Q: 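Questions regarding the structure given below will be posed in turn.
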Amino acid sequence: MKQQKICVIGLGYIGLPTSAMFATHGCEVVGVDINGKVVEALSKGKIIIEEPYLDIMVQAAVRSGHLKAKRKPETADVFIISVPTPITKDKKADMSYVVKATEMIVPYLRKGNLVILESTSPTGTVEELVVPILEKSGLKIGEELYVGHSPERVLPGKILWELVNNNRIVGGINRISAEKIRDLYKIFVNGEIYLTNATTAEMCKMMENTFRDVNIALANELAKICEKTGINVWEVIELCNKHPRVNIHQPGPGVGGHCLAVDPWFIIEKNPELAKIIELSRKTNDNMPYYVLDKIDEILKDIKGNKKVTILGMTYKPNIDDVRESPILKLIDLIDNREDLEINVYDPHVGVHKYQEKDLMVAAKDSDLLILAVNHDVFRTLPLSEIAKVMRNRNFFDTRNFMDKEELEHLGFKYILLGEKAI
Ligand SMILES: NC(=O)c1ccc[n+]([C@@H]2O[C@H](COP(=O)([O-])OP(=O)(O)OC[C@H]3O[C@@H](n4cnc5c(N)ncnc54)[C@H](O)[C@@H]3O)[C@@H](O)[C@H]2O)c1
């Protein structure tokens, strides 16, 4: 195959690793972003997001001359759109980034080009939103311009490995589009590549995340039931999962990220009369920060006057720096809005943030309650005996079943576990 020139629009958690991967496999890649900081950093072979080994790969790709950063697209063989698809405040898909990115490439399209939407999108986006914009190029869609959707399934923290090894779904607006997209990804994908139509691919991506969201909601509901019943949800789940056909998910203080907390709403928006379980699950998970706040009140009820709470972790999952849609941010807001509660947050993965306290001991000083909100690996080695000395009251609320109960109790902490009998 002749060396392909690929123009990737949007250089975030998906677009940048994808660009670097194609570039290190010999393709000429032009990465385009409207954020000047991203372009400036990339021009120097640097990155502004946290993802293991991505900095090394990007540096190699830029040094070799295969990856360049630009603010505007260029003519190319392939255009990949990987811009955000967030939800609005009223839980509707915000497709404005996809519209702008698609409009941006129209002047650069040539006969024989391939356009791939990678952004997670509601059903019908390729057929009803992207194609009408691409038609402005004057090219015959499906014959002179090939179009499709290839959703991304990578796990933050393991993106580079999963880009190569995950199975992929490719949905074309016609068969030849799907085949051309498959041939492109074959450059670096070792997993299977399954061909379908664009709308089916869109639904698959949303449903994969919805499946997980619904199952976490079930685990959260079970956690509340177990607390009321006076048993430990983590033990119940562990034992249930010994059954060969049962896989109960893990409960926690909520669900976040730009996938699980977002994609189900795309299905609900288009099918409000049908997506009942999906909607209830979304609301169950969105309610968890409120549930955690109730638990905090219960734990601190005997302490008079103002109380101080220290939260460990603010990302939506462990070992990453991403706080998008994090339920911990919601919890922090809820606590911050209370006059009787003071809050400090410590998350070594997150840089500057309005609530962030960089020094753990300062964050814990005079605290009445430590809350383990995110199970970052670094929290395995917390200096607990030092922390215990500076706290006002030694309460520890573990929302992830992550801490060593015995160790904490030995240090004089009262240990409270989410999903265990009410206190
Ligand atoms: N991050 C993940 O783990 C993940 C996994 C699967 C799917 N997705 C999906 O992939 C898509 C991209 O997600 P992400 O996490 O990479 O987002 P991101 O916010 O990390 O990056 C998007 C980038 O696009 C840029 N951008 C926005 N509009 C632009 C435009 N018109 N032209 C050029 N650049 C533009 C932004 O400046 C930003 O740098 C979303 O639809 C997301 O749901 C993400």
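As the structure is a computational prediction, the values presented were derived from the model and not from experiment. Counting starts at 1 for both ligands and their atoms, following the listed order. Heavy-atom basis, side chains included; hydrogens, waters and symmetry copies ignored.
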Q: Decide whether a cation-pi geometry holds between Lys405 and Tyr415; the criteria are a distance under 6.0 Å from NZ or CZ to the six-membered ring centre and an angle within 45° of the ring axis.
A: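 No, a cation-pi geometry is absent between Lys405 and Tyr415.
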
Q: Ser326 side chain to Met314 main-chain N or O, any donor-acceptor pair under 3.5 Å?
A: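 Checked: pair present.
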
Q: Identify whether the distance between the nearest side-chain nitrogen and carboxylate oxygen of Glu152 and Lys205 falls below 4.0 Å.
A: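 No salt bridge links Glu152 with Lys205.
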
Q: Is it true that Asp297 and Arg338 make a salt bridge, defined as a side-chain N closer than 4.0 Å to a carboxylate O?
A: yes

Q: Does any N or O in the side chain of Ser82 come within less than 3.5 Å of the main-chain N or O of Gly10, such that one atom is a donor and the other an acceptor?
A: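 Yes.
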
Q: Check each protein residue for a heavy atom under 4.0 Å from ligand 1 and list those that pass, ordered by chain and number.
A: Ile9, Gly10, Leu11, Gly12, Tyr13, Ile14, Val32, Asp33, Ile34, Asn35, Ser82, Val83, Pro84, Thr85, Tyr97, Ala101, Met104, Ser119, Thr120, Glu152, Val154, Pro156, Lys205, His258, Cys259, Arg324

Q: Could you walk me through whether Ile328 and Val374 pass the side-chain contact (heavy atoms from CB on, under 4.5 Å) check?
A: CA-CA 8 Å; Ile328 315 308; Val374 184; 4.0 Å; yes

